Structures are given as structure tokens and as C-alpha cells.
Amino acid sequence: MMSAFFIFAHNSSKKINMIKYVTAGESHGKGLISVVSGFPSNLNISEEYINEQLKRRQAGYGRGLRMKIESDKAEIISGVRFNKTLGSPISMFIKNNDWENWTEIMSVSKNKSEIEKISIPRPGHADLVGTLKYNYDDIRNSIERSSARETAARVAACAVARKLLSQFGIEVGSYVESIGGIFSKDNFADKFFDGKEVDSLSAEKINRQSDKSSVRVLDALQEKKIINKIKQAKKRGDTLGGTFFVVATGVPVGLGSFVDYESRLDAELSRSIISIQAVKGVEIGLGFESALRFGSEVHDEISLKGRQFTRRTNRAGGIEGSISTGLPIIIRGAMKPISTLMSPLNTIDLSTMKKIESRRERSDFVAVPACAVIAESMAAWALAKFFLQKFGGDCIEETKENYKNYTQKLFGRTKNSFLRK
Ligand SMILES: Cc1cc2nc3c(=O)[nH]c(=O)nc-3n(C[C@H](O)[C@H](O)[C@H](O)COP(=O)(O)O)c2cc1C
């Protein structure tokens, strides 16, 4: 009775939701905070669901000691009651277990002159530029916030977006394509763009498979070779980067727009993923490869399957004119090698202005598997942002009603009447 009234009361309005999140916290501070706003009420969400994603971010062969100290758990502070969102801001806290070893160094109030300052910046990190820009007298200040520890708070925030998308059959998955230049002989992505899997691709299935691998690859032989390469890197005191794919399936036609630059879905997704620490490249669909081919080998022919439009190929990676086509969204990212090297590069000591070897600091050797999970989360946020801009809703029931009306209208149009009003 209650829900019938509900739908009746809401189905004529459409609220444009602007979702936002902010993260706070230093790498070795007390903890991390995420504040998420703009989501409809009545969306089911639990700490367990968020923590599953946090656990995925922590995994991967090649991580350093820090990930052994931490076992990230988000505590929801506000915005959720009885496992349902209230529509109010959702705030979460993730404790840094390592904090107890850093209470003096990271004290909010203690006189900083008693603490040994860091004066040797690591190449490839934010150490030097951050110190110059913010006029810090201790490189530690730069290290603490530029660290990818911040991404734990992002993954927690983006889990709300992921949960929203799952209500509409949209899943986001990822796998590692290469680490240290080691690729699989099976070019999986080629099949997504050109092969039989264009239609049948499932992000959930990709995650199920990649999560089983210690380096989140889809090929066991490649995994072995990568682990050997990571061991080699460790022995040399060196680090590695790699490439990864993010795939979103179940995305409806029509998210994003070409009408202005801020509405472009490909731009939003790219920005989200390149904002991850150490990510240096993003491609949508064939990406850079599309610049090397004839047009006929790049664009996806349009045909009909019953009353629905379809494509035999998905080289565009699910986006045309900055709008989702309804086919899987395929994004590729590149992560540079970790900047902290145990066999350090040269740098300048800011206290003496003399040449010196860079500092060694407890660090990961490889973090591409974690980076792929973070990229998944960021993509989920970007998709949820455009999804809620399109379908709105103060409560999830209203979002669902708006979504149903849209898809019914879309699929209700016949071949002959498509362009008629
Ligand atoms: C999941 C993840 C873990 C990382 N772990 C480390 C690390 O342990 N040590 C390190 O020096 N850099 C690490 N990085 C990379 C640095 O955060 C990155 O090199 C730094 O922020 C500068 O990159 P930027 O130039 O892209 O900002 C990590 C990055 C990610 C995404």
C-alpha cells in the first residue's frame, strides 16, 4: 500500500542529482574520511559491501609491508539507517592501523621542530613539486597526502556508486593486461572489440576470473611470468608499472552528451582514471590504435537485431559522440612504475643543495592490480554521476521508475517509426 502511494506520488517529477564526494586524510594520520552526497534514499548499502571492495584494493603480489599492517574497514558514520541510504550525506571513516606507530611524527599539535625532517625528494613522486608549491619545510607534508593511501577513501565512496549501478544491471570490472611489458599471448581486448564476445561480455565474470589471480590477469602462464619479473625487479631494487582494462557492462544507451564539454562521458571517464596516482595514460575503445587504422577498420557498423540497433564490433568502446551506445564500455589505463626505488636514483638534498641518492622508504614494488580496482571504482563513480543526472530521483524507487519509462520508450519504438514523433 505504502509503495503504491509512493510511486504515484513521485512518478511525474524528475530531480537532477549531482553526486559529489570528498576524501580527507593523510597516509599515516589517524585515518581516512569520505563524504558522499547526492544519492537517492532507500538504496541498500552495508559496511560489508564497501569492505569487500576495500579488500580487493589491498590485494596483489608485489605490494609492500604497509598492506600487511592495514586491513581496511569502512565505518559508516552517517547517511545510512538499517542498511538503507537516507538521501543525506554519507560519511565513512577508515582507520589507519599504522597510525599508532606515527602518533609523534603525524601529531596535529606537537611542536614540529622535535621531529626529523625529510629533505631528500624522490624522483617521480610529489616530494619536490609539492614542497616547492606549498612552501613546506618538511617533505613529509607532501608525501602524506600525495600517497595512494588516499585511494582507500575513494574506493569506499565509489562503492556507493557501484551499488547504485548494480540496481540497474550495470557492473564494472577490470583486469591487468600487462606488468613490466609482459602481455598474454591471448589478446583478450581484441575479442572485446572485434570478436564473438562483443555482446556477451560480462564485467562480473571478468572480475570473478581476475580476482582469482595474484596479479589480476586472465592467463595463468602470463601470471607466472609476471611474478618472476616482479621477483627480478625486487632483486634489482627496482619497480614496475603496467596496463589494465576496465569494462562496464549493462550501461544503457544515452549516458553523457555532446552538447558541452562537461557532459562528455569519455572525458569524464578519462579524467576520473587519470586522477589516480601514477596513472599516465587512458584510452577509450581502440584508443591510440584507432589512429593507425583505416576508418573502415575502426568504426562499428550499425545493424538491427529485431527492433534493436546492434553492432558486430565495439571498437569505439561503448561510446560515440560522448554518449554511451549500450555496448560495453572499454577503457585502458597505463600506470608508471612505483617511484620509490630500493636502488635509488640521484636527487638533490634540499638541506645542503648537494647531489645525493634518493631516500629508500617502505614501499610497494608493483601496484597495478590495486590500481585496476581503483580505476573500476572511479569508472563506477563517473557512470553513476551521468546515470543520476539522466534519471534523477529523490528515492531509488523514483530512479527506477524513471529508468523503466526511458527504456520502455526506447525499445517501444519500431524500425519504421524511429524518427517520427
Ligand atoms: C595503488 C597504488 C599504490 C602505490 N604505492 C606506492 C608506494 O608504495 N610507493 C611509491 O613510491 N609510490 C606508490 N604509488 C605511486 C605514487 O602514488 C605515485 O607515483 C605518486 O603519487 C606520483 O604520481 P603522479 O606523478 O601520477 O602523481 C602507488 C600508486 C597506486 C595507485
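Start at 1 and go down the list; that is how both ligands and their atoms are numbered. Just so it is clear, the structure is predicted and the values come from calculations on it, not from any experiment.
- Partners of T103 under the side-chain contact (heavy atoms from CB on, under 4.5 Å) rule, at least two apart in sequence or in another chain, are W99.
- Scanning all protein heavy atoms for the shortest distance to atom 31 (C) of ligand 1 gives Q277 O, 3.3 Å.
- Residue R122 places a heavy atom less than 4.0 Å from ligand 1.
- Nearest-residue assignment for atom 15 (C) of ligand 1 (options G241, A278, G130; heavy-atom criterion): A278.
- No more than 12 heavy atoms of other residues, nucleotides or ligands lie within 6.0 Å of CZ in R271, so this atom counts as exposed by the packing criterion.
- Annotation for ligand 1: atoms under 4.0 Å from non-hydrogen atoms of I374 are 1 (C).
- A donor-acceptor contact shorter than 3.5 Å links the side chain of T151 to the backbone of A148.
- In the model, R208 has no side-chain atom that pairs as donor or acceptor with a side-chain atom of S202 under 3.5 Å.
- Only the side chain of K336 comes within contact range of ligand 1, with a heavy atom under 4.0 Å; no backbone atom does.
- In this structure, K280 is part of the shell of residues with a heavy atom less than 4.0 angstrom from ligand 1.
- At a 3.5 angstrom cut-off on N or O pairs, S339 counts as close to ligand 1.
- With ring centers used as reference points, F391 lies under 6.0 Å from F387.
- Using 4.0 Å as the threshold, M335 has a heavy atom nearer than that to some atom of ligand 1.
- Of the listed residues (S146, G60, A148, P337), the one carrying the non-hydrogen atom nearest atom 28 (C) of ligand 1 is A148.
- Contacts between T151 and ligand 1 below 4.0 angstrom, taking non-hydrogen atoms only, are absent altogether.
- Listed by chain and number, the residues in a side-chain contact (heavy atoms from CB on, under 4.5 Å) with N44 are K84, K163 (sequence neighbours excluded).
- For the pair D194 (side chain) and D190 (backbone), a donor-acceptor distance under 3.5 Å is absent.
- The residue from R145, H125, R149 that puts a heavy atom closest to atom 20 (C) of ligand 1 is H125.
- Counting heavy atoms only, I338 comes closest to atom 13 (C) of ligand 1 of the residues I143, T239, I338, D364.
- A donor-acceptor pair under 3.5 Å is formed between the side chain of N96 and the backbone N or O of G29.
- Side chain of T399 to main chain of C395: a donor-acceptor pair is present (N/O by atom type, distance under 3.5 Å, no hydrogens or angles).
- Nearest non-hydrogen protein atom to atom 7 (C) of ligand 1 is S363 OG, 3.3 Å.
- Residue K234 qualifies as enclosed at atom NZ: its count of foreign heavy atoms under 6.0 Å is above 12.
- Scanning the protein for heavy atoms near atom 22 (C) of ligand 1, the closest one is G124 O, 3.4 Å.
- Protein heavy atom in closest approach to atom 11 (O) of ligand 1: T340 OG1, 2.5 Å.
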